[in-house]
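Handing you this structure, nothing more for now.
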There are 2 protein chains.
Amino acid sequence: MAAKRSGAQSKRSQRKGLSLRSVQESRSEPPLSLERIVATAVELLDAQGVDGLTMRRLADRLGSGAMSLYWHVANKEEVYDLALDSVLEYRGPPQIAESRDWRGEVVHMLEDWRAIMLRHPWSALLLPRRALGPNILGRLELLSKTLAGAGVADADLNVAIWSLWNYVMGATVTRASFDLSDDDRAAAQQRLTRLSEHYPTIERSRLLLDNDWDGAFRKGLDFLLDGLAPMQ
Amino acid sequence: MAAKRSGAQSKRSQRKGLSLRSVQESRSEPPLSLERIVATAVELLDAQGVDGLTMRRLADRLGSGAMSLYWHVANKEEVYDLALDSVLEYRGPPQIAESRDWRGEVVHMLEDWRAIMLRHPWSALLLPRRALGPNILGRLELLSKTLAGAGVADADLNVAIWSLWNYVMGATVTRASFDLSDDDRAAAQQRLTRLSEHYPTIERSRLLLDNDWDGAFRKGLDFLLDGLAPMQ
DNA sequence: CGATTGAATCGTACGCCGTACGAGTCATGC
DNA sequence: GCATGACTCGTACGGCGTACGATTCAATCG
């Protein structure tokens with residue numbers, strides 16, 4: 001059915017875990033490394049979008065042959081996985097004491113999340129098609145812990161988390177898709193105006209045009225949190 | 001930047017609009033038509049997923065040469081666009097009188113929407129990357145009209161609509177992505193269990209495992225609608 | 001009636017993609 | 001000095017989207 005993602009392993013990762021150093025010592029940094037590959041992949045994705053990333057281009061940018069990548073990485077899918085997860089690292093909010101303002105913390109976490117994905121629009125399109133990496137799971141865990149700490153019962157936790165996650169994902173994906181099609185902002189506006197000509201209510205509310213996306217995101221989030229609050 | 005989608009036109013659609021009949025008359029139905037192409041593309045997408053659709057395969061299934069498709073369609077992107085929009089047709093709820101139970105209507109529309117996209121998981125992955133087709137816009141318009149009819153002020157309409165849309169999109173995309181990676185349900189469970197080992201709260205809530213997706217969707221939706229209600 | 005047209009089909013070919021395969025390089029430890 | 005194993009990469013294969021031009025065939029017109 002879908003893509004198989006199970007058995008794939010880079011030759012590198014098949015080795016147990018020994019002997020990382022040796023080559024490391026040479027003067028000018030080793031031309032290839034997983035870190036450099038992932039970082040360059042992110043650069044490329046930022047610059048060219050999801051379809052702009054090809055193994056050959058990636059290798060070119062790294063000054064190596066395309067096939068050299070496959071020592072460090074099992075296949076292109078793994079590059080996508082690593083690039084996505086690498087961008088989603090999260091160091092919590094200032095982290096003061098114990099469970100102060102849970103609502104503020106949740107809002108902060110979710111806005112940070114959204115901000116990242118809007119900064120890297122490809123990530124919003126990629127995420128639904130990739131496995132959950134450690135950073136994504138880490139964020140989910142943190143969200144769960146915060147809500148649980150705020151008193152949400154275990155039974156309600158799933159509803160709470162999925163509601164928030166879904167909302168953020170939807171807002172991010174939608175927004176990113178609008179950004180994507182804005183090759184030329186003015187032309188896009190025109191196109192949308194022409195499109196919404198026969199949709200009077202959409203037209204009247206200027207739904208597709210000058211939205212205050214950030215404000216709308218916050219308001220919807222507040223509605224959800226209002227609904228969630230009685231659960232604690 | 002992103003893909004250009006502007007100038008593309010099938011040779012067919014460049015012709016004004018005359019002379020549709022002629023060939024129609026031959027005995028065994030004409031081997032190719034936009035309708036057949038789109039319908040077959042949907043079949044293929046249902047069966048093989050987003051990446052399973054290729055022009056050659058599509059043509060094979062239609063018993064024609066690959067290049068013949070390009071008479072009816074400008075390029076592969078257009079096939080995606082048409083397939084997506086074709087699946088999203090909507091005939092409203094029983095449509096009784098004027099603005100009865102607006103909340104019930106909204107819930108019905110959104111659950112129908114979600115149901116479709118879960119029935120065709122590829123559509124959830126496609127939608128964020130495609131332009132808004134007439135059926136999608138039609139659904140948005142209907143949603144807007146219902147909310148406006150329920151008394152939501154124009155100023156609040158955008159927030160209301162985007163909140164709901166984002167939530168539905170997120171829920172759909174997330175759910176579809178879980179379905180996607182379930183080549184083998186049992187193996188997937190195992191993998192998720194192993195993954196969540198180091199995420200105690202996720203583990204405790206069994207967030208990734210036996211969720212009542214439908215119920216959770218309804219509850220989150222109710223929270224949103226509760227929040228929206230005061231606007232009317 | 002034959003000639004012309006234009007709708008529709010399709011074979012071939014090009015440039016790109018991911019990656020299998022195996023040969024090459026080179027530092028290390030015997 | 002030789003074997004080993006980490007790492008790099010050239011070549012090649014099959015598949016992709018699609019540009020281009022030849023082909024077929026029914027309708028139209030003189």
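Chain naming here is simple, since letters A, B, ... match the order of the sequence lines and numbering starts at 1 in each. No hydrogens, no waters, no symmetry mates; every other heavy atom, side chains included, goes into these values. As the structure is a computational prediction, the values presented were derived from the model and not from experiment.
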Could you state the CG-P distance from Asp51(B) to dG15(D), rounded to the nearest angstrom?
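To the nearest whole Å, that distance equals 16 Å.
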What residues, two or more places apart in sequence or in another chain, satisfy ring-ring contact (aromatic ring centres under 6.0 Å, His included) together with Trp113(A)?
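By the ring-ring contact (aromatic ring centres under 6.0 Å, His included) rule, Trp113(A) matches Trp165(A).
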Length of the line joining Leu58(B):CG and dC16(D):P, which is rounded to integer Å:
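Roughly 12 Å, once rounded to whole Å.
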Between atom NE2 in His72(B) and atom P in dC10(C), what is the gap in whole Å?
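It works out to 9 Å between those atoms.
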Within residues 62-69 of chain B, residues whose heavy atoms come under 4.0 Å of DNA chain C:
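Ser64(B), Gly65(B), Met67(B), Ser68(B) - these, ordered by number, are the residues of the stretch whose heavy atoms sit under 4.0 Å from the strand.
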Measure CH2/Trp71(A) against C1'/dA20(C) and give the value in whole Å, please.
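Those two atoms, CH2 and C1', are 15 Å apart.
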With respect to the side chain of Asn75(B), which nucleotide from dT19(C), dC7(D), dT18(D) is positioned closest?
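That would be dT18(D).
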Does the plane of the ring in Tyr167(B) sit parallel, tilted or perpendicular to the ring in Phe217(B)? Use 30° and 60° as the thresholds.
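Rings of Tyr167(B) and Phe217(B): parallel, under 30°.
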My understanding is that only residues two or more places apart in sequence, or in another chain, count here; which of them pass salt bridge (Lys or Arg N to Asp or Glu O under 4.0 Å) with Asp214(B)?
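Counting only residues at least two positions away or on another chain, Asp214(B) forms a salt bridge (Lys or Arg N to Asp or Glu O under 4.0 Å) with Arg114(B).
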Proximity to the side chain of Tyr70(A) - top-ranked nucleotide from dA8(C), dG18(C), dT8(D):
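Closest of the options to the side chain of Tyr70(A): dG18(C).
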The criterion is side chain to side chain contact (heavy atoms under 4.5 Å, CB included); which residues satisfy it with Asn135(B), sequence neighbours excluded?
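By the side chain to side chain contact (heavy atoms under 4.5 Å, CB included) rule, Asn135(B) matches Asp85(B), Leu88(B), Glu89(B).
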Just jot down the side chain to side chain contact (heavy atoms under 4.5 Å, CB included) partners of Arg206(A), sequence neighbours excluded, or say none.
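Residues passing side chain to side chain contact (heavy atoms under 4.5 Å, CB included) with Arg206(A): Leu209(A), Asp210(A).
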Give me the bend of the helix from dC1(C)-dG30(D) to dC30(C)-dG1(D), using the axes of the five pairs at each end, rounded to 10°.
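The helix from dC1(C)-dG30(D) to dC30(C)-dG1(D) shows an end-to-end axis angle of 30°.
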Rounding to a whole Å, what distance do you find between Asp60(A):CG and dC17(C):C1'?
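The answer, rounded to whole Å, is 14 Å.
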Whole-Å gap separating C1' (dT18(D)) and CE (Met55(B))
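Checked: the CE to C1' distance equals 8 Å.
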Going by the rule side chain to side chain donor-acceptor pair (under 3.5 Å), which residues pair with Tyr199(B) if we only count those two or more places apart in sequence or in a different chain?
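By the side chain to side chain donor-acceptor pair (under 3.5 Å) rule, Tyr199(B) matches no residue at all.
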Sequence-distant partners of His120(B), ring-ring contact (aromatic ring centres under 6.0 Å, His included), two or more places apart
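ring-ring contact (aromatic ring centres under 6.0 Å, His included) check on His120(B) returns Trp122(B).
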Give the intermediate values and the outcome of side-chain contact (heavy atoms from CB on, under 4.5 Å) for residues Glu78(A) and Asn75(A).
CA-CA 6 Å; Glu78(A) 192 175 314; Asn75(A) 48 41; 3.8 Å; yes
Those residues that, when tested against Glu35(B), pass salt bridge (Lys or Arg N to Asp or Glu O under 4.0 Å) (two or more places apart):
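Scan of Glu35(B) (salt bridge (Lys or Arg N to Asp or Glu O under 4.0 Å), adjacent residues dropped) gives none.
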Residues which pass side chain to side chain contact (heavy atoms under 4.5 Å, CB included) with Met67(A), listed by chain and number, not counting sequence neighbours:
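Only Tyr70(A) meet the side chain to side chain contact (heavy atoms under 4.5 Å, CB included) criterion with Met67(A).
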What are the atom names and distances for every N/O pair under 3.5 Å that joins the protein to nucleotides 14-16 of chain C?
none

Could I get the full list of side chain to side chain contact (heavy atoms under 4.5 Å, CB included) partners for Val79(B), not counting sequence neighbours?
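With neighbours one apart ignored, the set is Ala41(B), Leu53(B), Met55(B), Leu58(B), Val73(B).
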Atom-to-atom span, NZ of Lys76(A) to P of dA20(C) - whole angstrom
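Those two atoms, NZ and P, are 14 Å apart.
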Between dG17(D) atom C1' and Tyr80(B) atom OH, what is the distance in whole Å?
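The answer, rounded to whole Å, is 11 Å.
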